Colleague: 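Got a structure for you, written out below as C-alpha cells; questions coming shortly.
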Amino acid sequence: MATIEDVARAAGVSASTVSYVLSGKRSISAPTRRRVEHAIAELGYRPHAGARALASSRTNVIGLVAPLRSGVDVAVIMQFVTGVVTRAREFDHDVLLLTQDDTGGLERVAAGSMVDAIVVMDVEADDPRIPTLRALRQPTVLIGLPREPAGLSCVDLDFEAVGRLGATHLARTGHTDVALVGSPPEVMARHTSYADRVVRGFREACAEHGLRGEIEPCEPTPAGARHAVDAVLDRAPGTTGLLVHNERALPHVLAHLAERGRAVPDDVSLVAVCPTDVALAQSQPLTSIDIPAEVIGGVAVEMVLSRLRGEQPAETRLLAPVLTERDSTAVHEAHVSP
DNA sequence: CGGTTCGACTAGGCGACATT
DNA sequence: AATGTCGCCTAGTCGAACCG
C-alpha cells in the first residue's frame, strides 16, 4: 500500500505538499499539483482513513440512527436515509447506520470517536435518548421534534401545520364532518412526536372552523384500514372529508371506501399525508400534503455539519407543508339550498 | 504508525525612492 | 530617463510537532 511519503517521493515534494494538494487547504502551483496528482494515480494511493482520523480528529463519518422496527414504513425511512447519505457524500462524508434496537450503539460509536456527528430519526416527544444525546461531544441533529428541544438541533416537517392544513382545506371546500385516519395505534401510543403533532393541529383547526373532527388510529393492513374506516363512519356517518396520515393504509382505505359505496371524491374527499410518489401511485392521483423526506434528511446533514464547523448554535427548523390538489378532493355541496 | 496542521523560510513581484 | 536597491507582501513549499 502506497503511503503519502511514497507519493511525495515520486512527485519530488514533501508529504505536507501532497496533503495540501489533497485537501485544497493551501494553494499549490499548477505544475506541482500535476506532478502530485500523477504520482497519486500512478501509485493508486488512497489516504489511510485511520491515520487521517488520528491526525485531524475527524472521521468524515456521520452516524445515523434509523428506526427499523415495527409500525414504521421502511420505504419512507429509506427516503430519509437517501437524503442523508446523498447530502453527506456531497460534503465528503460517509454514513454509519445504527438501528434503534441497538441500545448502547449510540454511546459506543460516539464515545469511541467513530463518527464526527450524529443524526437521529423518529424522535418521540419524551425520547429516552435525549439525555444521552445532550451529553455527547459530537453535535447531534434530530429528525423530529421532542417536547423539550432546548439545546438540541431539530428538523422536521411542521406536522402540526400539516394537521391544520388538512382540516382547513377540507373546511374551505365545504366539509363540516371530517376525520383524521392516523398512524398505527402503537405509534400513537408511543407518542411519536409527528403523530401527536398532526392530531394537535387537526384538532385546533377543527375547533377553529367549527368542524366535527373524528380521530382514529389505523393499522397499516387491509383489516386495520377497514376497521378504522368503519369506526369513523359508525361514529360519524355524515363524514365527507378524510385526512389520512398513514401511507401503508392508504390503498386499503381507498379500497374499503369503494366497498362501502363511498365514491372518492364525489361522496368523500380524501387528503393524504405522504410522499408525492406515494400519492401518485394510488388507484387515483391523491390530493396530498407532501412529506419531503429526502429534503429533510439533506437539511439534517447540512445542520449537523454546520454545527460541527461551529457556525450554528442549536436551532429548530420546521418545514412548512405544501398541499397539492389532485383527483381525490372536491367541493362538498350537500347543504346547497334550492 | 500515516496522516494533518502550523509556523517558518524562500523566491519573486511591486512600488517608492535614491543614484547614476 | 534609466537603473539600482530597499522594504514589504504573497504564493509556494518544507520540517517538525502532534494525534491515540
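Naming: A, B, ... by sequence-line order, numbering from 1 per chain. If you're wondering where the values come from, they're calculated on a predicted model, not measured in any experiment.
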Colleague: Write out all pairs satisfying side-chain hydrogen bond (donor to acceptor under 3.5 Å, both in side chains) with one or both partners inside residues 287-297 of chain A, taking only residues at least two apart or from two chains.
Modeller: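 Those involving residues 287-297 of chain A are A:Thr276-A:Asp290, A:Thr287-A:Thr329, A:Ser288-A:Arg326.
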Colleague: Salt bridge (charged side-chain N to carboxylate O under 4.0 Å, His left out) with A:Arg309: which residues, sequence neighbours excluded?
Modeller: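 A:Arg309 satisfies salt bridge (charged side-chain N to carboxylate O under 4.0 Å, His left out) with A:Glu311 once adjacent residues are dropped.
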Colleague: Which nucleotide span of DNA chain B, 5' end to 3' end, has atoms closer than 4.0 Å to non-hydrogen atoms of chain A?
Modeller: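 Footprint of chain A along DNA chain B, 5' to 3': B:dG2 to B:dA8.
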Colleague: Please state whether the phosphate of C:dA11, meaning OP1 or OP2, lies under 4.0 angstrom from any side-chain nitrogen or oxygen of A:Ser29.
Modeller: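 Indeed not, no polar side-chain atom of A:Ser29 lies that close.
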Colleague: What contact category does A:Thr3 fall into here, base, sugar-phosphate, or nothing, at under 4.0 angstrom with non-hydrogen atoms?
Modeller: sugar-phosphate
Colleague: Using the test side chain to side chain contact (heavy atoms under 4.5 Å, CB included), find all partners of A:Arg46 that sit at least two apart in sequence or belong to another chain.
Modeller: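 For A:Arg46, no residue satisfies side chain to side chain contact (heavy atoms under 4.5 Å, CB included) once neighbours in sequence are set aside.
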Colleague: Which pairs pass salt bridge (charged side-chain N to carboxylate O under 4.0 Å, His left out) with one or both residues in residues 251-260 of chain A, sequence neighbours excluded?
Modeller: A:Asp230-A:Arg260
Colleague: Which residues pass the side-chain hydrogen bond (donor to acceptor under 3.5 Å, both in side chains) test with A:Arg197, sequence neighbours left out?
Modeller: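 side-chain hydrogen bond (donor to acceptor under 3.5 Å, both in side chains) check on A:Arg197 returns A:Asp156, A:Ser193.
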Colleague: Who are the side-chain hydrogen bond (donor to acceptor under 3.5 Å, both in side chains) partners of A:Asp116, not counting sequence neighbours?
Modeller: A:Thr59
Colleague: Hey, what do you get for CD1 (A:Ile215) to NE2 (A:His245), rounding to the nearest 0.5 Å?
Modeller: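 Nearest 0.5 Å value for the CD1-NE2 distance: 13.0 Å.
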Colleague: With sequence neighbours excluded, give me every salt bridge (charged side-chain N to carboxylate O under 4.0 Å, His left out) pair touching residues 125-137 of chain A.
Modeller: A:Asp126-A:Arg147, A:Asp127-A:Arg129
Colleague: Not counting sequence neighbours, which residues clear side-chain hydrogen bond (donor to acceptor under 3.5 Å, both in side chains) with A:Glu214? List them please.
Modeller: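 side-chain hydrogen bond (donor to acceptor under 3.5 Å, both in side chains) check on A:Glu214 returns A:Arg212, A:Arg235.
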Colleague: Listing request: all ring-ring contact (aromatic ring centres under 6.0 Å, His included) pairs with a residue in residues 197-243 of chain A, at least two apart in sequence or in separate chains.
Modeller: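 Those involving residues 197-243 of chain A do not exist here.
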Colleague: Please tabulate the protein-to-nucleotide N/O contacts below 3.5 Å involving nucleotides 14-16 of chain C, giving atom names and distances.
Modeller:
| from | atom 1 | to | atom 2 | distance (Å) |
| --- | --- | --- | --- | --- |
| C:dC14 | OP2 | A:Ser14 | N | 2.9 |
| C:dC14 | OP2 | A:Ser14 | OG | 3.2 |
| C:dC14 | OP2 | A:Thr17 | OG1 | 2.6 |
| C:dG15 | O6 | A:Ser16 | OG | 3.3 |

Colleague: Considering only heavy atoms, which members of residues 30-55 of chain A lie under 4.0 Å from some atom of DNA chain B?
Modeller: A:Tyr45, A:Arg46, A:Pro47, A:His48, A:Ala51, A:Arg52, A:Leu54, A:Ala55
